[in-house]
Every structure is written in structure tokens, then in C-alpha cells.
Q: 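Questions regarding the structure given below will be posed in turn.
Counting starts at 1 for both ligands and their atoms, in listed order.
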Amino acid sequence: MKKYGIIGGTFDPIHFAHLYIADEAKASLGLDKIIFMPNGNPPHKSLKKVSEASIRYEMVSEGIKDFEGFTVSDYEIKKNGLSFTYETLQAFKQEDVELFFITGADCLMDLEKWKNIKEIFKVSNFVVFSRPGFTYETLKEQKEYIEKKYKTNIIFLNLKDLDISSTDIRERIRLGRNVKFFLPNSVLDIIKREKLYK
Ligand code: ATP
Ligand code: MG
């Protein structure tokens, strides 16, 4: 049985915390590969402006290139518009592959807003990493609540808190502040070339 980790997100832009949780999951769960899955662009111009999918895809490709076993998929981008995680996981599930959907703590807290979570638990393991802003107690309580309600097991992994978010990076760039500590140089080069987040 092969083990694949899938990490979904907007990746606007990809940063070191994304790479860190992917690498930790790979090492501690013995995953054969990690698939980064950037979301497609929202169908209508939504209030939240998200960078073009092709650029976010390029940033992920560049950001992961020094990491063995890290790959990027254009599956959700190609679908165009909203993708549901359960559908993506169904599409990637194969007989000889065990899936691990990798998330940060904010996803665990929001989980009940996701569509068809029962199906997510059916086709994949669900992995949650600690994230600054969420106490251990809050996460433990939510983990137990979800596990009981959906008769499932959630894999909770603790990591050294990296207080990095794409929102913060975008804001710092807008203010002309340095972001070199938060993401790979190759990603920053694309941000500069495309004049993103100004
Ligand atoms: P934004 O601020 O735009 O929401 P983000 O930094 O949260 O960006 P996403 O693309 O939304 O990044 O997240 C992709 C996945 O990575 C999510 O599961 C999220 O919880 C996780 N993640 C992002 N940053 C961290 C972090 N610092 N620690 C743990 N998990 C993280
Ligand atoms: Mg986020």
C-alpha cells in the first residue's frame, strides 16, 4: 500500500509553514509523496481577491522544487471554480493508495462547514497540525467532538509553531516590508515579477 499526503489550499502565496507541515507529515507518517493541491479561482469575482490560479500553481511548483517527493497537481485548477475536498479525495483514491489529507488547525475548527465530511473520512485519513492562534485545549475538544460525531479518528500532529500566513505576507508586501524570512526566494521572484499584492 502506498501512502500519499494531499495538502489543499489557496497558496497565495505558498510559504514555509506549508512546506514545514508537508515535510513533518511525510516524515512522521512515512508518506511516499505529497501532493500540493492549489484551489481553482472562484467562479465569480468574489470580494476576496485571489491571485490567478496559473500564478499560484507556478509559485507552488517553484516553492516545492527542493523537496524530495513533493509534487503539485492542477486537478482543482483545471476543474475551474469551486472544488469540494471530498470530490478531490474521491478522484485521487486508488485501491493501492492510502490517502492523508493534511491541514492546519483552522481547518479542524471550520470542518463542519465543509461539504460531505463523512465522505472525506471514508476515503482518507484526516491530519491536523497545530497552528498559532489555536490552543491545545480548543483543538483537543474539537477533535474529540468530531471523532465522536462522525465515528472517525483524526491524526493530530504537534509542531513548532510557525506564525506565518499568506494573509500576513500579502499585507507585509503591500506595506513594503520584507518577507524573505517567510517563503522561498524563488517564490518571491515570481511575486516581484507579477507585482502581486501591491
Ligand atoms: P490565508 O491567510 O490566505 O488563508 P494560509 O497561510 O492560511 O493563507 P492556506 O493556503 O489557506 O494558507 O492554507 C493551506 C493549508 O496550510 C491549510 O490547511 C492551513 O491550515 C495550513 N497552514 C497554513 N499556514 C499554517 C501554519 N502557519 N501552521 C500550520 N498550518 C498552516
Ligand atoms: Mg488559510
Q: Not counting sequence neighbours, which residues clear side chain to side chain contact (heavy atoms under 4.5 Å, CB included) with Glu194? List them please.
A: Ile55, Ile190, Leu196
Q: Can you sort out which atoms of ligand 1 are near Phe11, meaning under 4.0 Å from one of its heavy atoms?
A: 10 (O)
Q: Output the list of atoms in ligand 1 that are nearer than 4.0 Å to some heavy atom of Gly9, sorted by atom number.
A: 10 (O), 14 (C)
Q: For the residue pair Phe126 and Phe101, categorise the inter-ring angle as parallel (less than 30°), tilted (30 to 60°) or perpendicular (more than 60°).
A: tilted
Q: Pull out every atom of ligand 1 sitting under 4.0 Å from any heavy atom of Thr167, numbered as shown with elements.
A: 1 (P), 2 (O), 3 (O)
Q: Give the single entry among Asp106, Ile7, Leu157 that approaches atom 20 (O) of ligand 1 most closely by any heavy atom.
A: Asp106
Q: Would you say Gly104 has any N or O atom under 3.5 Å from an N or O of ligand 1, going by distance alone?
A: yes
Q: Compare Ser130, Ala105, Ala17, Gly8 and give the one whose heavy atom is closest to atom 29 (C) of ligand 1.
A: Ser130
Q: Which of the atoms in ligand 1, numbered in the order shown and given with their element, are less than 4.0 Å from a heavy-atom of Arg170?
A: 3 (O)
Q: Report yes or no: is the cationic atom of Lys143 (NZ for Lys, CZ for Arg) closer than 6.0 Å to the six-membered ring centre of Phe156, at no more than 45° off its axis?
A: no
Q: State, yes or no, whether a side-chain contact exists between Phe36 and Phe11 at a heavy-atom distance under 4.5 Å.
A: yes
Q: Tell me whether the rings of Phe121 and Tyr150 are parallel (<30°), tilted (30 to 60°) or perpendicular (>60°).
A: tilted
Q: Which of these passes side chain to side chain contact (heavy atoms under 4.5 Å, CB included) with Pro132: Leu162, Ile164, Asp163?
A: Asp163
Q: Geometry only, no angles: is Asp163 polar-contacting ligand 1 at N/O separations under 3.5 Å?
A: no
Q: Salt bridge between Lys140 and Glu144, side-chain N to carboxylate O under 4.0 Å?
A: yes
Q: Mark the output for Phe129 as yes if a heavy-atom distance to ligand 1 is under 4.0 Å, and as no if none is.
A: no
Q: Below 4.0 angstrom from a heavy atom of His15, which ligand 1 atoms are there? Numbered from 1 as shown, please.
A: 6 (O), 23 (C), 24 (N)
Q: Looking only at heavy atoms, is any part of Ser165 under 4.0 Å from ligand 1, and if so is it the side chain, the backbone, or both, or is it neither?
A: both
Q: Record the part of Ile164 in heavy-atom contact with ligand 1 below 4.0 Å; permitted values are side chain, backbone, both and neither.
A: backbone
Q: Does ligand 1 have a heavy atom under 4.0 Å from the side chain of Cys107, from its backbone, from both, or from neither?
A: side chain
Q: Is the shortest side-chain N to carboxylate O distance from Glu58 to Arg193 below 4.0 Å?
A: yes
Q: Taking side chain to side chain contact (heavy atoms under 4.5 Å, CB included) as the definition, give me every residue that meets it alongside Glu171, ordered by chain and number, with sequence neighbours left out.
A: Arg174, Leu175
Q: Can we say Arg131 and Asp106 salt-bridge, meaning some charged N sits less than 4.0 Å from an Asp/Glu carboxylate O?
A: yes
Q: Quick one: does Leu162 get a heavy atom under 4.0 Å from ligand 1?
A: yes
Q: On a heavy-atom basis, I'd like to know which of Met37, Arg131, Met109 is closest to atom 5 (P) of ligand 1.
A: Arg131
Q: Can you list the ligand 1 atoms lying under 4.0 Å from a non-hydrogen atom of Thr103?
A: 18 (O)
